[in-house]
2 protein chains.
Amino acid sequence: MPKYKQFDKDKVLEAASNVFHEKGYNGTSIDEILTATGLSRSSLYDSFKDKHNLYLQSLEFYKESNDKKFQSVDEKNLNGFQKLETMFKGVVNHLVENPDDNGCLLVNAAAEMSKQCFKTSQVICNNKDEVQNLFSSWISDAEQKKVLKLNKPAKIYGQFLYNTLCGLRVMSQSGAGKTELNNVVKVALDSLN
Amino acid sequence: MPKYKQFDKDKVLEAASNVFHEKGYNGTSIDEILTATGLSRSSLYDSFKDKHNLYLQSLEFYKESNDKKFQSVDEKNLNGFQKLETMFKGVVNHLVENPDDNGCLLVNAAAEMSKQCFKTSQVICNNKDEVQNLFSSWISDAEQKKVLKLNKPAKIYGQFLYNTLCGLRVMSQSGAGKTELNNVVKVALDSLN
DNA sequence: AAAACATCGGAATGAATATTCCAAATTATT
DNA sequence: AATAATTTGGAATATTCATTCCGATGTTTT
């Protein structure tokens with residue numbers, strides 16, 4: 001066949017991250033990844049070294065495509081509080097409309113792998129810090145625009161809201177329905193006033 | 001050896017749940033469970049049927065020992081809000097003092113297994129409902145005793161606080177430290193006023 | 001067109017896995 | 001003491017798994 005790579009690396013990582021998302025690291029076999037990606041065994045090992053390395057790259061891919069969603073909210077012409085509302089509404093909608101979606105790959109990775117793989121924990125920790133900082137900046141913006149009047153530093157609310165977000169992902173995997181998730185978001189956002 | 005069972009079933013389930021807690025379902029082998037419990041292969045299969053069944057029993061055991069911690073807080077002579085404070089302080093303390101503790105077995109089970117095993121999801125969902133109800137009753141108590149003045153039904157705050165609790169478990173597995181976790185609890189509890 | 005090169009399919013390997021099975025060991029009952 | 005009952009240790013089995021390897025296939029370059 002080809003002299004240069006025939007497959008789209010991003011497509012492969014997307015397919016792989018879907019499988020890992022569904023079944024976890026220890027729960028997915030290489031064979032499942034091969035059928036999901038359409039790759040041959042040799043190509044996979046040639047291009048991705050081994051299962052563990054593919055997992056890490058899948059995590060990074062998932063994180064980046066997650067970042068893009070946050071960025072698209074960030075680019076809207078809204079104040080920080082409205083961005084928070086938009087983002088949480090989007091998360092809840094996604095969880096409700098995709099009941100078979102297995103939560104969040106990064107949360108699942110934190111639960112399954114963080115204590116067993118340092119590199120996994122690094123990806124997760126970086127994600128946490130980035131998202132918290134983004135939330136904090138939104139909150140600062142809302143404060144500056146006098147939409148919110150806070151009695152704690154914005155950073156602390158960023159931590160709190162990230163915690164709320166993680167909770168939502170777990171709750172959706174624990175049988176929580178739409179109204180339950182909406183209630184949580186409502187209380188969390190109301191607490192900013 | 002004996003004519004009647006020689007091992008303490010609770011001790012076995014405790015040891016097994018520790019291993020599952022550390023490595024997850026798919027990440028632990030029967031051999032690891034045998035060495036952790038000290039049981040022989042035959043005894044284990046004789047008494048617990050198979051790995052999956054042992055996992056479910058370990059989940060139940062973990063859930064019940066968790067329940068006991070909640071009950072011991074509930075039995076204190078405190079108003080509902082103080083019970084919440086005590087409970088969250090206890091959770092954060094435990095997470096901080098046991099940094100190698102792999103979060104919460106039930107949260108990890110939700111992430112790893114809830115979409116692949118109905119019985120697991122049942123245990124998790126039951127736990128969610130029970131804990132939410134307990135929290136709601138504490139909040140109602142605080143309202144009745146005029147410690148809190150709420151503008152939403154107590155049930156909604158129960159959902160919110162359970163969400164906060166799940167978040168803490170994930171955050172601690174994502175590299176969050178003591179002050180970060182305390183900040184989250186502070187904002188969550190302050191939001192009740 | 002021929003040589004060089006990268007990818008691919010699939011068989012092969014070897015280790016790890018969950019589970020079964022049987023004989024030995026031990027205690028309770030008669 | 002002997003029999004019945006039950007657990008246990010460890011060997012045996014049969015799958016599944018991640019990974020390696022090689023010959024075949026196709027593409028680019030000369």
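Only this structure's heavy atoms are used, side chains among them; waters, hydrogens and symmetry mates stay out. Residue numbers begin at 1 in each chain, while the letters A, B, ... track the order of the sequences.
Residue Ile124(B) is found outside any hydrophobic cluster, as its side-chain heavy atoms come under 4.5 Å of no other Ile, Leu, Val, Met, Phe, Trp or Tyr.
End-to-end axis angle of the helix from dA1(C)-dT30(D) to dT30(C)-dA1(D), from C1' rotation axes over five pairs per end: 0° (rounded to 10 degrees).
Using a 4.0 Å cut-off, no side-chain N or O of Ser43(B) falls inside it from OP1 or OP2 of dT7(D). Side-chain nitrogen and oxygen atoms of Ser40(B) include none within less than 4.0 Å of the OP1 or OP2 phosphate oxygen of dT8(D). Between Ser42(A) and dG9(C) there is no side-chain polar atom (N or O) within less than 4.0 angstrom of OP1 or OP2.
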Solution key, residues 101-114 of chain B side-chain donor-acceptor pairs under 3.5 Å, sequence neighbours excluded:
unit_1, atom_1, unit_2, atom_2, d
Asp101(B), OD2, His94(B), NE2, 3.1
Asn102(B), OD1, Gln173(B), NE2, 2.7
Asn102(B), ND2, His21(B), O, 3.0
Asn102(B), ND2, Glu22(B), O, 3.0
Asn108(B), ND2, Asn102(B), O, 2.9
Glu112(B), OE1, Tyr25(B), N, 2.9
Glu112(B), OE2, Tyr25(B), N, 3.3
Glu112(B), OE2, Asn26(B), N, 2.9
Glu112(B), OE2, Asn26(B), ND2, 3.3
Ser114(B), OG, Gln173(A), O, 3.2
Ser114(B), OG, Ala110(B), O, 2.7

Could you list the donor-acceptor pairs under 3.5 angstrom formed by side chains in residues 76-89 of chain A, with sequence neighbours left out?
unit_1, atom_1, unit_2, atom_2, d
Asn79(A), OD1, Phe81(A), N, 2.9
Asn79(A), OD1, Gln82(A), N, 2.9
Asn79(A), ND2, Gln82(A), OE1, 3.1
Gln82(A), OE1, Asn79(A), N, 3.0
Lys83(A), NZ, Asp74(A), O, 2.9
Lys83(A), NZ, Asp74(A), OD1, 3.2
Thr86(A), OG1, Gln82(A), O, 2.7

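Taking atom OH on Tyr45(B) and atom P on dT7(D), their separation rounds to 17 Å, with Å as the unit. For the pair Phe48(B) CZ and dT8(D) P, the computed distance is 11 Å after rounding to whole Å. What separates CG of Asp46(A) from C1' of dT19(D) is a distance of 12 Å, to the nearest Å. Rounding to whole angstrom units, CG of residue Leu44(B) and C1' of dG10(D) are separated by 15 Å.
Contacts between residues 8-35 of chain B and DNA chain D, counted as heavy-atom distances below 4.0 Å, involve no residue at all. Within residues 49-59 of chain B, the residues having any heavy atom under 4.0 Å from DNA chain C are, by residue number, Asp50(B), Lys51(B).
Listed by first and then second residue, the salt bridge (Lys or Arg N to Asp or Glu O under 4.0 Å) pairs involving residues 138-147 of chain A are Asp141(A)-Lys145(A) (not counting sequence neighbours). Applying the salt bridge (Lys or Arg N to Asp or Glu O under 4.0 Å) test to pairs two or more places apart or on separate chains, those with a residue in residues 156-181 of chain A are Glu180(A)-Lys128(B). Evaluation of the salt bridge (Lys or Arg N to Asp or Glu O under 4.0 Å) test over residues 113-125 of chain B, restricted to residues two or more places apart or in two chains, returns none.
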Just the atom pairs and distances: protein N or O near nucleotides 12-14 of chain D's N or O, under 3.5 Å.
none

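One finds the CH2 atom of Trp138(B) at 4.5 Å from the CG atom of Leu134(B) (value rounded to the nearest 0.5 Å).
In this structure, Val184(B) is a member of the same hydrophobic cluster as Ile139(A), with clusters built from ILVMFWY side-chain heavy atoms closer than 4.5 Å.
Legend: residues meeting salt bridge (charged side-chain N to carboxylate O under 4.0 Å, His left out) with Lys186(A), ordered by chain and number and at least two apart, are Asp190(A). By the salt bridge (charged side-chain N to carboxylate O under 4.0 Å, His left out) test, Asp67(B) pairs with Lys63(B), sequence neighbours left out.
At a threshold of 4.5 Å between non-hydrogen side-chain atoms, the residues Leu13(B) and Ser17(B) do not count as touching.
Remark: aromatic rings of Tyr162(B) and Phe135(B) are distant, center separation not under 6.0 Å.
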